[in-house]
> 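After the structure tokens below, expect a handful of questions from me.
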Amino acid sequence: MSTRAIKLTVNGVAYERTVEPRLLLSDFLRHTLGLTGTHVGCEHGVCGACTILLDGDSVRSCLLFAVQVDGAQVETVEGLGTIGHLNVLQEAFHDHHALQCGFCTPGMLITATDLISKYPLASDDDIREGLSGNLCRCTGYEHIVRAVRAAAGKGDRR
């Protein structure tokens with residue numbers, strides 16, 4: 001099978017790799033770059049666990065091939081903050097107990113990052129609608145909504 005060279009920036013770091021055209025972006029991030037915060041759940045774009053920011057927009061990395069993001073800017077959950085310096089949204093998730101098993105958390109954080117940066121989120125219904133493409137089997141969403149509301153009220157999330 002033929003391969004193709006790609007260049008992209010992930011979490012501010014430039015990468016050049018040679019990949020097979022059929023390699024999914026989610027697998028590229030996890031297996032090639034070792035960024036395992038991007039979770040793979042349904043592999044059909046339904047659950048939202050693999051959500052990343054692609055040139056500033058939230059997208060499902062399991063629905064894209066790595067070759068499709070040649071030249072792009074990608075941000076994964078690893079780019080939001082560090083254990084020693086969480087961003088405002090990560091702190092809000094911690095403070096409001098917005099995670100349980102943690103499997104959906106990276107996708108929720110990335111989706112919420114996109115929502116906070118683009119929409120006024122005037123009500124909890126706005127937050128719920130914005131997060132509706134991300135599935136969580138543990139929390140019942142109430143704590144997640146509270147965390148997003150708290151972070152949205154704090155301005156710059158970084």
Side-chain angles (χ1 to χ4, degrees), residues 8-13 15 23-66 68-69 72-158:
L8 68 158
T9 302
V10 181
N11 301 328
V13 178
Y15 293 94
L23 180 66
L24 293 174
L25 178 57
S26 55
D27 292 333
F28 175 79
L29 294 169
R30 290 181 59 80
H31 303 298
T32 304
L33 299 186
L35 299 171
T36 57
T38 301
H39 292 167
V40 178
C42 68
E43 296 185 88
H44 296 284
V46 175
C47 72
C50 69
T51 305
I52 53 126
L53 293 176
L54 176 62
D55 293 330
D57 294 317
S58 58
V59 299
R60 305 295 199 253
S61 63
C62 75
L63 297 178
L64 294 168
F65 294 112
Q68 290 177 281
V69 301
Q73 298 277 334
V74 171
E75 187 171 5
T76 69
V77 71
E78 289 92 348
L80 296 181
T82 65
I83 291 173
H85 183 66
L86 300 177
N87 76 4
V88 171
L89 185 57
Q90 290 169 317
E91 287 177 0
F93 265 60
H94 176 267
D95 294 345
H96 293 275
H97 310 286
L99 57 104
Q100 285 183 20
C101 82
F103 190 80
C104 72
T105 304
M108 289 284 188
L109 286 166
I110 292 293
T111 300
T113 297
D114 191 26
L115 291 172
I116 290 169
S117 73
K118 294 179 181 171
Y119 303 102
L121 303 176
S123 69
D124 286 358
D125 286 341
D126 291 342
I127 296 169
R128 283 187 186 89
E129 183 177 342
L131 294 174
S132 65
N134 293 72
L135 303 179
C136 176
R137 298 183 69 191
C138 300
T139 66
Y141 301 94
E142 191 59 36
H143 295 282
I144 295 169
V145 171
R146 287 182 194 153
V148 173
R149 182 184 339 116
K154 292 186 179 180
D156 185 7
R157 67 195 182 290
R158 298 193 188 260

> Could you walk me through whether Ile116 and Val88 satisfy the side chain to side chain contact (heavy atoms under 4.5 Å, CB included) test, starting with their C-alpha distance in whole Å, then the side-chain angles of each, then the deciding distance to 0.1 Å, before giving a yes or no?
CA-CA 11 Å; Ile116 290 169; Val88 171; over 6 Å; no
> How close do Thr38 and Cys50 get, heavy atom to heavy atom, and via which atoms?
CG2-O, 3.6 Å
> How close do Gly45 and Leu63 get, heavy atom to heavy atom, and via which atoms?
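Closest pair (atom of Gly45, atom of Leu63, distance): CA-CD1, 3.7 Å.
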> Find out whether Val148 and Val145 are in side-chain contact, i.e. whether some heavy atom of one side chain is under 4.5 Å from a heavy atom of the other.
no
> Quick check: closest heavy atoms across Glu78 and Thr36, and the distance to 0.1 Å?
OE2-N, 3.3 Å
> So do Val59 and Ile52 actually touch side chain to side chain, heavy atoms under 4.5 Å?
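Result yes, sub-4.5 Å side-chain heavy-atom pair found.
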> Determine whether a donor-acceptor pair (N or O, by modelled atom type, separation under 3.5 Å) exists between the side chain of His96 and the backbone of His143.
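Not a single qualifying donor-acceptor pair exists.
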> What is the distance from atom CD of Gln73 to atom CG of Asp55, rounded to the nearest 0.5 Å?
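Result: 6.5 Å between the selected atoms.
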> Is it true that atom OH of Tyr15 has more than 12 heavy atoms of other residues, nucleotides or ligands lying nearer than 6.0 Å?
yes
> Is the count of non-hydrogen atoms from other residues, nucleotides or ligands lying under 6.0 Å from Glu129 atom CD greater than 12?
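Count not over threshold, so no.
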> Can you tell if the side chain of Ile110 reaches within under 4.5 Å of the side chain of Leu80, non-hydrogen atoms only?
yes
> Determine, stepwise, if the pair Thr111 / Met108 fulfils side chain to side chain contact (heavy atoms under 4.5 Å, CB included).
CA-CA 5 Å; Thr111 300; Met108 289 284 188; 5.9 Å; no
> For His31, look at atom NE2 and say whether over 12 heavy atoms of other residues, nucleotides or ligands are found less than 6.0 Å away.
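Yes.
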> For the residue pair Asp124 and Arg149, establish whether any side-chain heavy-atom pair is separated by less than 4.5 Å.
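Contact flag for Asp124/Arg149 side chains = yes.
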> Going from CZ on Phe93 to CD1 on Ile144, what distance comes out if it is rounded to the nearest 0.5 angstrom?
5.5 Å
> Can you check whether Leu25 reaches Phe65 side chain to side chain, under 4.5 Å on heavy atoms?
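SC-SC contact between Leu25 and Phe65 ruled out.
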> Is it the case that over 12 heavy atoms from other parts of the model lie below 6.0 angstrom from the CZ atom of Arg137?
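Not buried by this count: 12 neighbours or fewer within 6.0 Å.
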> Any sub-3.5 Å donor-acceptor pair from His39's side-chain atoms to Phe103's backbone N or O?
yes
> Nearest 0.5 Å please: distance from the OG1 atom of Thr105 over to the CG atom of Asn134.
10.5 Å
> Before you tell me yes or no, could you show the steps for Leu35 and Asn11 under side chain to side chain contact (heavy atoms under 4.5 Å, CB included), namely the whole-Å CA-CA distance, both residues' side-chain angles and the distance that decides it to 0.1 Å?
CA-CA 10 Å; Leu35 299 171; Asn11 301 328; 4.0 Å; yes
> Measuring only between side-chain heavy atoms, which start at C-beta, is Glu142 closer than 4.5 Å to Arg128?
yes
> Within this structure, what is the NE2-CG distance for the pair His94 and Leu99, rounded to the nearest 0.5 Å?
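Answer rounded to 0.5 Å: 8.5 Å.
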> Might you point out which heavy atoms bring Val77 and Gln90 nearest each other, and give the distance in Å?
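Heavy atoms only, the tightest pair is O-NE2, 4.2 Å.
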> With sequence neighbours left out, write down each residue that passes salt bridge (charged side-chain N to carboxylate O under 4.0 Å, His left out) with Arg60, or none if nothing qualifies.
none
> Looking only at heavy atoms, what is the nearest atom pair of Cys104 and Leu135, with distance?
CB-O, 3.4 Å
> Heavy-atom distance under 4.5 Å between the side chains of Tyr141 and Leu131, does that happen here?
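They are not in contact (no side-chain heavy atoms under 4.5 Å apart), so the answer is no.
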> Do the side chains of Leu23 and Thr32 get nearer than 4.5 Å, heavy atoms only?
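They are in side-chain contact.
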> Report the residue from Asp114, Thr51, Thr113 that forms a side-chain hydrogen bond (donor to acceptor under 3.5 Å, both in side chains) with Ser58.
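The side-chain hydrogen bond (donor to acceptor under 3.5 Å, both in side chains) with Ser58 is passed solely by Asp114 among Asp114, Thr51, Thr113.
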> Kindly determine whether Asp126 and Tyr119 satisfy side chain to side chain contact (heavy atoms under 4.5 Å, CB included), including the steps that lead there.
CA-CA 9 Å; Asp126 291 342; Tyr119 303 102; over 6 Å; no
> If you compare all heavy atoms of Ala147 against all heavy atoms of Ala92, which two are closest, and at what distance to 0.1 Å?
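In this case the closest contact between Ala147 and Ala92 is O-CB, 3.3 Å.
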